[in-house]
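Following: one structure in structure tokens, then a few remarks.
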Amino acid sequence: MHHFIYGNGVLHAEDVALPRIADEVGTPFYCYSTATLTRHYRVFASALAGLDATVCFAIKANSNIAVIRTLVELGAGCDVVSGGELQIALKAGASPEKIVFSGVGKTEAEIRLALACGVGQINVESEAELETLSRIATGMGKTARIALRVNPDVEAGTHDKISTGRKEDKFGVDWTLAPALYRKARALPGIDPSGVAVHIGSQITSLAPFEAAFTRVRDLVVMLRADGFDIRHLDLGGGLGVPYDHSSNVVPPSPEEYGAMVKRTVGDIGCKFTFEPGRVIVGNAGIMVSRVISIKETPSRRFVIVDAAMNDLVRPAMYGARHEILAVQEAPTSAVFEPADVVGPVCETTDCFAKAYPLPSLKEGDLVAFLTTGAYGAVMASGYNARPLVPEAMVSGSKFAVVRRRPSFAEMMALEQMPPWIA
Ligand code: LLP
């Protein structure tokens with residue numbers, strides 16, 4: 001459910017007609033709905049009612065500070081994977097004890113920063129990292145509360161590039177080797193090994209892989225407790241999928257179904273729970289709006305060339321992802337939808353948002369919206385082809401604001417300088 005719907009023949013974000021924002025901000029731009037964000041956070045959190053749970057929004061999915069602030073005000077913590085994300089979470093007002101620092105490669109500087117600001121939990125992904133963390137924490141006179149991220153060797157049934165819990169993936173500690181590493185952690189100074197973390201991938205559309213992973217985690221907790229460990233925290237990661245492609249019949253489980261599965265699998269284990277959802281909170285709370293530059297008919301194709309490109313939304317080029325595309329001016333019921341390839345201006349054939357996508361007749365200057373782009377949209381944007389980073393707007397009821405503006409060309413070039421040997 002989301003709040004991007006037609007009203008008076010024009011696509012709106014809540015009560016704001018998208019052409020209004022386009023006129024002020026220019027295109028392309030992302031637009032987020034406060035009502036959708038709020039709804040998704042509440043639905044997810046209430047699906048976990050009865051558990052002692054903290055929802056730490058995975059800000060890799062959307063690191064816009066206004067988006068994070070909106071969620072923090074609802075009670076969210078943050079899952080961060082870099083020093084930059086940690087700074088952003090703090091700037092958005094997240095309380096440090098509700099911040100989880102995850103990630104397969106944390107630098108010493110990042111670990112220092114995390115310890116200095118007192119994050120609630122650091123998820124450790126290897127023996128080497130455990131040793132580094134112990135050394136740094138001891139030097140700072142701190143004790144790091146850690147969870148070991150285990151790799152449960154589970155096939156998540158999602159895109160190969162976003163599966164993270166198989167034994168050949170770079171993430172986590174092989175679950176069979178985890179007990180030995182906990183024993184090592186217990187012997188190290190500056191470490192409180194009181195948690196287990198797991199995350200098996202993203203855009204997961206069935207409960208079975210989660211259930212398999214959580215069952216392994218449960219077995220591990222039982223084993224660790226028998227070995228004298230006081231395991232008090234379980235971090236079950238993120239990964240719940242969202243519907244992208246309404247022509248497909250894949251329907252991801254609802255948060256309620258996910259919550260019920262969590263409760264029946266590990267609900268009675270006597271731990272505090274952390275969840276790290278990203279996509280399911282913010283995915284369809286955002287859209288990207290773009291303007292048609294021109295229509296190009298060739299003997300075999302109809303190309304709709306828009307002013308957004310793969311640098312603004314890379315998911316189709318990178319993962320073959322399909323995002324629903326709507327004409328912002330609603331097509332009359334009598335309109336004929338004909339297949340078009342929707343492409344951007346970047347000089348790569350993969351700069352294509354959709355092939356043979358059924359669209360009504362469009363002309364130069366028309367607006368189109370790419371739906372369900374709130375997660376892994378703007379955060380993955382780049383300046384490829386010297387295109388300015390795409391701006392972001394946010395709507396709340398009948399109000400909207402630019403929450404990240406488009407940089408000027410001067411700003412884009414300001415970080416560069418000539419070496420002294422070039423005149
Ligand atoms: N926790 C950890 C440790 C993660 O690695 C991720 C995502 C999440 C939580 C949040 O997962 P979510 O609930 O959003 O599925 N760029 C890709 C997705 C990469 C996901 C990486 N990890 C895409 O556009 O599909």
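All ligand and atom numbering here is 1-based and tracks the order in the structure. Small disclaimer: the values here were computed from a predicted structure and weren't measured.
- Summarising the local packing, NZ of Lys263 is surrounded by more than 12 heavy atoms from other residues, nucleotides or ligands at distances under 6.0 Å.
- The backbone N or O of Gly237 sits nowhere less than 3.5 Å from a side-chain atom of Glu276 that would complete a donor-acceptor pair.
- For ligand 1, the 4.0 Å heavy-atom shell contains residues Ala58, Lys60, Asp79, Arg149, Ile162, His199, Ser202, Gln203, Gly238, Gly239, Glu276, Pro277, Gly278, Arg279, Arg315, Tyr319, Tyr376, Met380.
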Without placing hydrogens or testing angles, list every side-chain donor-acceptor pair under 3.5 Å for residues 344-353, not counting sequence neighbours.
residue	atom	partner	partner atom	Å
Glu348	OE2	Tyr384	OH	2.8
Asp351	OD1	Met310	N	2.7
Asp351	OD2	Val346	N	2.7

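- A distance-only check finds a donor-acceptor pair linking the side chain of Thr158 to the backbone of Ser202 [under 3.5 Å].
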Below 3.5 Å, can you tabulate the donor-acceptor pairs from side chains in residues 130-137 to any protein atom, sequence neighbours excluded?
residue	atom	partner	partner atom	Å
Glu131	OE2	Lys184	NZ	2.3
Thr132	OG1	Ala128	O	3.0
Ser134	OG	Pro189	O	2.7
Arg135	NH2	Glu108	OE2	2.7

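- The stretch residues 306-321 participates, sequence neighbours left out, in these salt bridge (Lys or Arg N to Asp or Glu O under 4.0 Å) pairs: Asp312-Arg387.
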